[in-house]
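Within every chain, numbering begins at 1; the chains are lettered A, B, ... in the order of the sequence lines, protein sequences first and strands thereafter.
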Number of protein chains: 2
Amino acid sequence: MLEFAILGLLQQSPMHGYELRKELAAVLGGLRSISYGSLYPALKRLQAAGLIASDDPTPRSLLPADAPALTGRRGKVVYAITAEGKERFADLVSQTGPEAYDDEGRFGVHLAFFRHTAADVRLRILEGRRRTVERQRDRLMDSLRRTQEKLDRYTLELQRHGLDSVDREVRWLTELIDSERDDARAEAARAEQSPTPPDDGTT
Amino acid sequence: MLEFAILGLLQQSPMHGYELRKELAAVLGGLRSISYGSLYPALKRLQAAGLIASDDPTPRSLLPADAPALTGRRGKVVYAITAEGKERFADLVSQTGPEAYDDEGRFGVHLAFFRHTAADVRLRILEGRRRTVERQRDRLMDSLRRTQEKLDRYTLELQRHGLDSVDREVRWLTELIDSERDDARAEAARAEQSPTPPDDGTT
DNA sequence: GGATCGATGTATCGGCACGATACATCTGGG
DNA sequence: CCCAGATGTATCGTGCCGATACATCGATCC
């Protein structure tokens with residue numbers, strides 16, 4: 001998930017870790033900011049996989065091991081996406097399966113990069129997410145109906161609030177989906193009026 | 001967090017892992033169910049710490065190593081809380097600091113066991129949680145106001161939705177707090193009217 | 001009557017994210 | 001001049017997760 005997000009951000013321009021973290025926090029919704037304990041290992045993984053490349057000003061691995069006090073003298077390490085990285089990002093951005101929407105964080109990243117995503121893929125991800133959340137809602141409603149009497153007031157409140165949240169998320173997703181469909185219809189109409197008909201049935 | 005929840009559940013009656021998992025899922029809100037990859041290690045930690053004790057019907061560690069096909073034949077392992085475990089739970093249930101409400105999961109567990117929590121502690125936890133969530137909301141509003149123009153429609157929607165959720169949570173907490181205060185007032189009035197004041201807090 | 005399927009049940013593994021922490025650099029205000 | 005706070009890189013231990021393996025038991029199906 002983090003790796004996906006990093007690739008997406010580096011799509012725009014090279015960055016170093018600190019910037020990446022701030023951008024990530026901004027994009028991912030202000031709350032859930034990312035910790036360095038996740039970020040740097042992720043950067044290492046991506047670099048090992050050849051998806052990003054670092055411009056490290058001070059290699060520092062040539063010195064003998066007898067300079068422990070010299071461990072400092074770090075320079076900024078700027079990361080840039082590679083050709084393979086762009087390929088990988090294109091793959092990730094176009095996936096429409098459960099891996100795109102089952103996990104909340106995953107889905108958030110997909111949504112954050114929707115401007116790089118084709119319209120039909122966008123729609124399928126939103127619908128998939130809605131189905132997932134609807135299932136959660138139904139399970140929660142069921143569980144609530146069945147165990148209602150055995151729960152104390154606080155547990156009940158907790159579940160009521162959870163149910164309300166999930167319900168709101170479904171409605172939110174429905175708005176997004178409707179809006180996507182409107183856009184698609186408008187686009188189709190525009191294409192119709194124009195003499196060139198590139199529409200092959202994907203309404 | 002898990003350990004807290006387990007101690008709370010075992011407060012009622014001994015259970016084995018499978019039951020624990022289901023109860024946990026029921027109490028924690030139906031969605032976030034707990035995985036075995038967390039549960040069994042947690043049980044081990046608790047047992048190592050002497051907070052729970054297991055009734056293992058088949059020790060099975062006496063056999064020589066020449067019975068590899070016999071690895072099965074597992075019995076149910078029933079866990080019960082110990083005296084130290086009850087002590088620890090009492091400590092956990094009465095903590096009012098940030099560790100009780102900063103983390104969402106932590107707070108959920110505290111709320112789930114509010115029936116074991118003193119009224120004044122309940123109130124302090126709810127208020128602490130509200131402050132935490134209010135801070136999140138304010139940070140999010142700020143970030144949204146500042147970066148509004150630079151974000152595309154989808155990122156904006158994501159943040160709007162997140163803000164709405166946080167806002168709803170604040171209102172929900174406020175309802176709970178008001179209700180707690182009403183209860184406290186009613187209780188105080190009741191004590192006033194009654195001539196005998198044996199009430200030392202354990203309502 | 002036997003096969004098979006789903007619920008019950010215990011357990012481990014690798015992976016990933018987290019919070020805490022350490023340490024270094026630069027900038028600006030007291 | 002110094003020191004506080006932003007910038008910046010990095011590691012460590014911990015906790016939780018999904019996937020997986022394996023075993024038992026009852027019910028239903030053929």
Side-chain angles (χ1 to χ4, degrees), chain A residues 1-6 14-25 28 31-49 52 54-61 67-79 97-99 102-106 108-109 132, chain B residues 1-6 14-25 28 31-49 52 54-61 67-79 98-99 102-106 108-109:
Chain A
M1 190 213 82
L2 233 191
E3 299 175 9
F4 185 6
I6 291 171
M15 290 185 189
H16 48 247
Y18 196 82
E19 289 178 280
L20 236 18
R21 188 188 185 242
K22 291 182 65 176
E23 286 297 312
L24 234 40
L28 261 296
L31 340 147
R32 64 174 76 251
S33 102
I34 241 56
S35 89
Y36 295 125
S38 319
L39 179 60
Y40 286 106
L43 287 171
K44 269 191 183 165
R45 288 196 300 271
L46 284 168
Q47 192 170 10
I52 64 176
S54 74
D55 174 19
D56 191 340
T58 58
R60 199 177 51 81
S61 35
L70 262 278
T71 326
R73 186 62 245 151
R74 280 188 256 239
K76 298 189 190 180
V77 185
V78 177
Y79 294 92
E99 68 277 9
D102 264 10
D103 174 71
E104 164 142 22
R106 266 320 250 221
V109 175
T132 295
Chain B
M1 190 214 81
L2 233 191
E3 299 174 11
F4 185 7
I6 291 171
M15 290 185 189
H16 49 245
Y18 196 81
E19 289 178 280
L20 235 18
R21 187 186 186 245
K22 290 182 66 175
E23 287 297 313
L24 233 40
L28 261 294
L31 340 148
R32 62 173 78 252
S33 101
I34 240 57
S35 90
Y36 295 124
S38 319
L39 180 58
Y40 286 106
L43 288 171
K44 270 192 182 164
R45 288 196 300 271
L46 285 169
Q47 193 170 10
I52 64 176
S54 74
D55 174 20
D56 191 340
T58 56
R60 200 177 50 81
S61 36
L70 262 278
T71 325
R73 186 66 244 148
R74 277 188 259 240
K76 298 188 191 183
V77 184
V78 177
Y79 295 92
E99 67 277 9
D102 264 11
D103 175 70
E104 163 142 23
R106 254 343 238 223
V109 176

Sugar-phosphate, base or nothing in reach of B/R45, heavy atoms under 4.0 Å: sugar-phosphate

Using whole Å, what does the distance between atom C1' of nucleotide D/dT11 and atom CG of A/L43 come to? 14 Å

Verify the contact: side-chain N or O of A/K76 to OP1 or OP2 of C/dC26, cut-off strictly under 4.0 Å; return yes or no. no

Among C/dA17, D/dT11, C/dT12, find the nucleotide with the atom closest to the side chain of A/K44. D/dT11

Step-by-step side chain to side chain contact (heavy atoms under 4.5 Å, CB included) determination, A/Q47 to A/Y79: CA-CA 9 Å; A/Q47 192 170 10; A/Y79 294 92; 3.9 Å; yes

Please state whether the phosphate of D/dA6, meaning OP1 or OP2, lies under 4.0 angstrom from any side-chain nitrogen or oxygen of A/K22. no

Would you kindly give the CE-to-P distance between A/M15 and D/dG8, to the nearest whole Å? 12 Å

Does B/Y40 have a side-chain nitrogen or oxygen under 4.0 Å from the phosphate oxygens OP1 or OP2 of C/dT10? yes

When all nucleic acid strands are considered with a 4.0 Å heavy-atom cut-off, which category describes A/L2: base, sugar-phosphate, or nothing? sugar-phosphate

Find the distance between OH (A/Y18) and NZ (A/K76) and round it off to the nearest 0.5 Å. 11.0 Å

Distance, nearest 0.5 Å, that separates CG of B/L24 from CD of B/E19: 12.5 Å

What nucleotide among D/dA10, D/dG8, C/dG9 has an atom nearest to a side-chain atom of A/V77? D/dA10

Does C/dC16 have its OP1 or OP2 closer than 4.0 Å to a side-chain nitrogen or oxygen of A/S38? no

Among the nucleotides D/dC17, C/dG9, D/dT7, whichever has the atom closest to the side chain of B/I34 is D/dC17

NZ or CZ of A/R21 within 45° of A/Y36 ring axis and under 6.0 Å: yes

Heavy atoms from C-beta onward define the side chain here; which of D/dC17, C/dT10, C/dA17 lies closest to that of B/S35? D/dC17

Tell me: OH of B/Y36 to P of D/dA21, nearest whole Å? 17 Å

Within the structure shown, what part of the strands sits under 4.0 Å from A/G17 by heavy-atom distance: base, sugar-phosphate, or nothing? sugar-phosphate

Separation of A/L39 atom CG from C/dC18 atom C1', in whole Å? 13 Å

Side chain of A/P41: nearest nucleotide among D/dT11, D/dG8, C/dG9? D/dT11

What's the separation between atom CG in A/L2 and atom CD1 in A/I34, rounded to the nearest 0.5 Å? 4.5 Å

